[in-house]
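Report on the following structure.
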Amino acid sequence: MPPIGPGSLDYRDFFFVAPEMVLAVWGLVVLLLDLGLAKRQPAPARRLLVGRVALAGVGLTLAVTLASSLIPLMARANPEDLSTWFSRSTIDYLFDDDPSLFGGTIAGGFDVGVFNLVYVTLLGLVVWMSLAWKFTEEWGEYLALLLWATVGMMLLSAAEELVTLFISLEMMTICLYLATALDKSRTRSAEGGLKYFIYGSVSSALFLFGLSYLYGLTGSTHLSTIRRLLESTRVVGLAANAAGITAILLVLAGFGFKIAAVPFHQWAPDVYEGAPAPVAAWVATGSKIATVIAFMKVFGNALKPWASPSDHILGPGWIGLLAIVAAITMTYGNVAALGQRNLKRMLAYSSIAHGGYLLVGVAALGLATDVTRAAAAVLFYLVVYAFANVGAFAVAVWLVRDKQSDDIDDLNGLVRRHPVLAISILLLMLSLIGIPPLGGFFGKLYLFMQALDERKNAFGSISLIALVGLGFLNSVVSAFYYLRVARAMFLRQPAGEPIAAADTPIGLPILLAAAVVVGSGLSPDSLMSVMQSAATPMLTTPIIVPKVIGPAQGPPAPKKPVPKFEYSKDQVKKMGQMATGGAGPPGGGGPPATKGATTKKAATKDAPATPRKSQNPP
Amino acid sequence: MIRVLFLVIAVTGLASALATVLIKNLVRAALALAGFFFAVACLFVLLEAEFLAALQVLIYVGAVSILLMFGIMLTRGVQGTDPASRPSAWRLPGVVIGLAVFALLGYAIFQETGLGTQRAWGAIDPRPAIARGTVEPGAPRRRAINDMGKVVGVELMTRYVVAFELAGLLLTAALVGAVAVAHREDDEPSRGEPSRIPSDPPITTSP
Amino acid sequence: MESDIPLSWFLLFAAASFAIGLIGVLTRKNAIAVLMAIEIMLNAANVNLVAFWRYGPELPEAGPVAGIVLAIMVITVAAAEVAVGIGLILLCYRRWRAADVDRYDSLAG
Amino acid sequence: MIELLDPTSPLVWAQSQAVDLGWGLALRWGLWLVVGFLGLFPGIVAYMVWLERKAAARFQDRIGPNRVGPLGLLQPIADAIKLLTKENLVPAGADGLVHLAAPVLVIVSAFLMLAVIPFAVGMAPVDLPSGLLYLMAASSLSPLGVFLAGWSSRNKYSLLGAMRAVAQLVSYEIPQVLAVIPIVLWGGSLSLVAIFDKQVEFGWFIASPPGLLAFLIMLIASIAELNRTPFDIPEAESEIIAGYHTEYSGMRFGLFFLAEYLSVFAVGCLVTALYLGGGMPLPLVRFPMNLLGDSLPRLILVDMVLLAVFMFKVLLFILFMFWVRVTLLRLRVDRLMNFAWKYLTPLAIVNILFAGIWYECVIRAGVLTLGGWLWGWVVTGPLVVFAVWLVVWINRRLLLGGPAGVGRPSLGGTRVDAGAAPG
């Protein structure tokens, strides 16, 4: 029996999940500080102290995230620079372009680094916003839950494998359910939390059942393996595969719930309204980014072969489903938002609508020939949307803090008192509509262009063109309700007591969000290029060679002239197709396990095959 | 023989599941749920995953059922019945949807022919027995693992280490959050009094 | 061994209990009953996972116990969900003195 | 034929971790349950009760049962007949079905626990590869039974008792499980047989500071799990009549009674098998096991020694329980909870770390050496003592140091205001 050596786990892999680890530990620190040392302090001082410590933790995580994504880049650029700090083997490890960690369960590529940065920045804004006023007694728990939810998000967008994906999805949502209900002075918060919980857990159950079918169909939980297997099998069309359709429907339902796509959207308005405004901001932005990325990975990578097996967009394949859902979602969201006077509720419906636009992007991804561009368009949209929405929720924080309500009418005449902020808010709203030259415009532009570019088949293009047309129409509709905010700020007279000045926790997110929106509008290409480099590792398929578990350390066992795993010819052929993505039988039928090797990237256009990790010994 | 065993367990399990869904008395429903959990654990044993069966009993029957019972005790009359419960408008559509889902799933199961090297789901062929060592070459089908605890442990500490740690964090978060959410503040009313928390003003929607 | 149980039997059991759970979610009003129905659905998925693990192929890169590990994670998540659910239900119960989902109606529109 | 496969493949490695599981196992299991159910367990319990009554009488300067048979030895049989012939009363308004199911659940839990105990070589009724986990699972059934018993009786004392019982059982389950983890770590397996084998090689597990601490935690938690004094809050006669089984009579009460004593016996067996080296008579010596050869007579001889020693240890454990029962007073509910959560649980968690250190010092080497063993003591002993001191200190100083002067309950007694005069 081989001993269980520590070598089967590469400890260096933890380097790439350092931000998550810091954040997780910091959540505990904040919690213990609040319950322990800060207990004796008077309540306001305690709040401030704990909040600042949490912010410091976010700052630390930001630094760690930067380090953990920059050091590999440096190692790749000039390995000698690092030789003072790291050993040769570590540099080799870092130099390797291999994006997958822990036997392929987690990705550690550029995409993860970029989105970790986005999450941590947004989290910083959300935590800062929370400092604006007192809305919960359970302050330490609240902050810890926010931080932990972020850990879930970061890992969700890094997961390459269904077990990790499922658990991080749950981590994210369970923390958010709880955070939603923490405002105990309002009954709506409790109700929102419970509704979120019930809808969310039902959707996880559906999602999980879909995953179980996916596992049953393919025998693996790794996204790349699933994809390879589906690609190697001649897909006749999903109609012939009812289990496949069922799996897709269930997984789609799960994701649909989380991003509030239409048949599953009922929770969103209630939760946004009920939750404390910063939590609502985090539900609307962070969880949406993470879910959409996971969505893209599962559908755009693992299930890509099932996107549109026949030449027919509405034919059997998930693109048709997605197109229909996208169309209904954006229309419903925009129409329902028209009637809202409450800012948070309006934002909720508008975020449903934005979910619809994003689904157009994901649908285009299924049909795309240039996958990275399609994915980059979605990512671009996500980032701009997220920043604009965080800014908009900061306005909600402002209203709630001063007026204890969040009606849009409370913004009346804001431009007289706070011209800078009013203009910033205007910019955010314009960006959310998609007015040039702001970031939102380019987001929509890229998204729709991508959908229009697909010329794979005629019917598909026509449907996507129709979707894009609907999207434009919807953007026009959305102008009405977004501009209602602008009208209140600029054209109405202030009624009643004016709104008090915004201090840093409110002003900073608004200004920063406006800056991002304007900046991404001024030079969309640079952001787009970053997103493209992020999309490349996200959707290319790493080939996972089984990781050695067992006698991994010590001298290699003396080569016994043994082992031939003898398959019948037929099976060798089949497995070869599986292992190489249909590129023919493997050379010489060598043993499937290469010692220490973890992954090798599939040959893509711009990613040449890189040397395997352990083949360059120190 | 083993098929009969399966059928007995399956029928018991489904009956308990139905009872859980149908019985009005919540404590009895929770008891039926515990029965369902136990039946599922028995199925795990039939699937030669007795490690998981033990986990299932330990966590579901030992902890989750108890937690649910506490929840029932704390939220309604001690005997668990609620006279105020009204019939749901969703009853008929709910049942129809459920049956439709079952029909779809059943169709999917029997229609699935297997991708790649895999067998059809509806195939009736014996699984490889739990043989120690003997592996028929050329059959990439799974054999059972007997010392599951060890194998799962190693897997959790190598390949799935992130998921494992995250599960720990998730439990911590759930514990902390549930306590924070559920603990009673001093100014809250005790049982029987109306809530003193003012209800929020109605939400305005323009026509 | 002719008397072995076919895979489809396990799958049918799982499908049936999933459907029952879904019916429960859709028809029950009491939040705790809904929670119990959700647990049934999660368990159904677990039966699927373990059955697929047992009857499935051995893919070298999938790991020896992928289905089992996912099932363990599901059990963990289910335990956490029950704790959270009971906490939230208690919170709402104190506000409304009722545990029925359709009584919670301060949010609408 | 396993050699035919690539030895580095995880699948092959997984396959090689084999202990057989199959119909033979099921058969042994069934046999064990039948034998145990019909004769062995009721007999053991009957004479445990007799022993307890005798022992308690001695402690209290009485004589105890002495009327039925010599030394009252037939008393348990008379009691059993009485219980069997008494009428089963089900209170009006009680939930009949659940009322019946509850004691059954409790007794089944106790029975199932005993099925994996390795009494001697080849004498584990069932050797499950994850036997310890199975054992924990079986013992976790009983809170459900207790709860249902209390709920179904429709009696407020029953319900109170049940709520108390479940809170207590669930709380003390945590240190109990945590205290087992060092053993799993050292034994390298969840199988109790494998754990026994490891103890043959490396000495009793209690003969190490972390093992000792784990044993103590396990002991205290077990007393609480068994609802015995000083943790008998769920059935405190002076407060809530008889707790959850107030409304039970006749044989149903008999089942609860049986389950309670059987659990004591089962926990005694468990503790013996896990910490006290099973049937090994001496801590660091392989004594009867080195006599083991291929011949059957030798096996029988060794097994007799092992079984006798095992039963002696269990007897000592049981007597200890009786002693505790007549000596200590009942705790208050809040102190009980405090003790589980603030003392036992943290200690048990820290102890896992110490167990790891002990593993590195002693067991990693693969063979027991006196030097390694002593080194392990030198390293972990002070750590354990320090940890115990630290936990007590934190609880006394930090957690109780709240607003000045207000006495908060702790295990160590209610604090008295400095100025307040005693009495």
Side-chain angles (χ1 to χ4, degrees), chain B residues 1-3 6 10 14 17-18 20-21 26 29 33 40 43-44 47 49 52 55 59 63-64 67 71-72 74-75 85 88 90-91 94-95 97-98 101-102 105-106 109 117-118 121-122 124 126-127 140-142 151-152 155 159-160 163 167 170-171 174 178 181-182 188 195 199-200 203 205, chain C residues 1 3-13 15-17 19-20 22-24 26-27 29-30 32-33 36-37 39-40 43 46-47 50-51 54-58 63-65 68-69 71-73 75-76 78-80 82-84 86-91 93-95 99-100 106 108-109:
Chain B
M1 176 62 193
I2 196 171
R3 289 189 170 188
F6 173 87
L14 289 182
L18 266 180
T20 310
V21 169
L26 279 177
L33 185 68
V40 170
L43 288 188
F44 288 165
L47 285 166
L52 201 60
L55 269 187
I59 294 173
V64 167
L67 206 55
I72 295 165
L74 292 173
T75 53
S85 191
S88 168
W90 266 88
R91 179 148 296 168
V95 171
I97 290 176
V101 166
F102 178 63
L105 293 178
I109 290 166
T117 54
Q118 304 198 26
W121 286 3
I124 306 179
R127 50 196 156 160
R141 292 192 65 200
R142 191 179 302 288
V151 178
V152 167
E155 282 288 285
R159 189 192 311 262
Y160 298 108
L170 171 64
L171 286 177
V181 158
E188 280 191 57
S195 176
S199 51
D200 295 315
I203 297 162
T205 33
Chain C
M1 196 165 62
S3 63
D4 197 6
I5 311 166
L7 169 64
S8 53
W9 290 20
F10 288 102
L11 300 187
L12 276 181
F13 175 85
S17 31
I20 291 173
L22 195 61
I23 291 176
L26 293 177
T27 56
K29 296 210 140 182
N30 185 284
I32 294 182
M36 293 200 266
E39 292 302 310
I40 294 181
N43 264 272
N46 262 3
V47 171
V50 179
R54 183 65 188 91
Y55 286 82
E58 289 196 346
V65 284
I68 297 278
V69 172
I72 291 175
M73 292 301 162
I75 292 179
T76 316
V82 169
V84 168
I86 296 282
L88 290 172
I89 291 169
L90 280 184
L91 181 69
Y93 182 76
R94 291 210 210 103
R95 304 281 191 269
D100 287 355
S106 75

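Just so it is clear: chains get the letters A, B, ... in the order the sequence lines come, proteins before strands, and each one is counted from 1.
Checking side-chain atoms of R3(B) against main-chain N and O of P6(C) turns up no donor-acceptor pair under 3.5 Å.
Evaluation of the side-chain contact (heavy atoms from CB on, under 4.5 Å) rule for A33(C) yields L26(B), R28(C), N30(C) as partners, not counting sequence neighbours. For A63(B), there are no side-chain contact (heavy atoms from CB on, under 4.5 Å) partners at least two apart in sequence or on another chain.
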Q | Derivation of the side-chain contact (heavy atoms from CB on, under 4.5 Å) call for L47(B) and Y55(C) | A | CA-CA 9 Å; L47(B) 285 166; Y55(C) 286 82; 3.7 Å; yes

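Heavy-atom pairs under 4.5 Å with chain C peak, among V101(B), L43(B), L55(B), at L43(B).
The minimum heavy-atom distance between T27(C) and G94(B), with the atom names listed, is CG2-CA, 4.2 Å. Across all non-hydrogen atoms, the minimal contact from G98(B) to A19(C) is O-CB, 3.4 Å. Across all non-hydrogen atoms, the minimal contact from G106(B) to L12(C) is CA-CD2, 4.1 Å. For I40(C) against A17(B), the heavy-atom pair with the smallest separation is CD1-O, 3.9 Å.
Ring planes of F13(C) and F6(B): perpendicular class, angle over 60° (limits at 30 and 60°).
Here the CG-CG distance, from L74(B) to L90(C), works out to 5.5 Å after rounding to the nearest 0.5 Å. The CD1 atom of I23(C) sits 7.5 Å away from the CG atom of L18(B) when rounded to the nearest 0.5 Å.
Each of L88(C), V84(C), I86(C), I89(C) was compared with V181(B) under the side-chain contact (heavy atoms from CB on, under 4.5 Å) criterion, and only L88(C) meets it.
Heavy atoms closer than 4.5 Å to chain B are found in both the backbone and the side chain of M36(C). Using a 4.5 Å cut-off between heavy atoms, V47(C) contacts chain B through both its backbone and its side chain.
Put simply, the side chain of N46(C) does not reach to within 4.5 Å of the side chain of L52(B), judged on heavy atoms.
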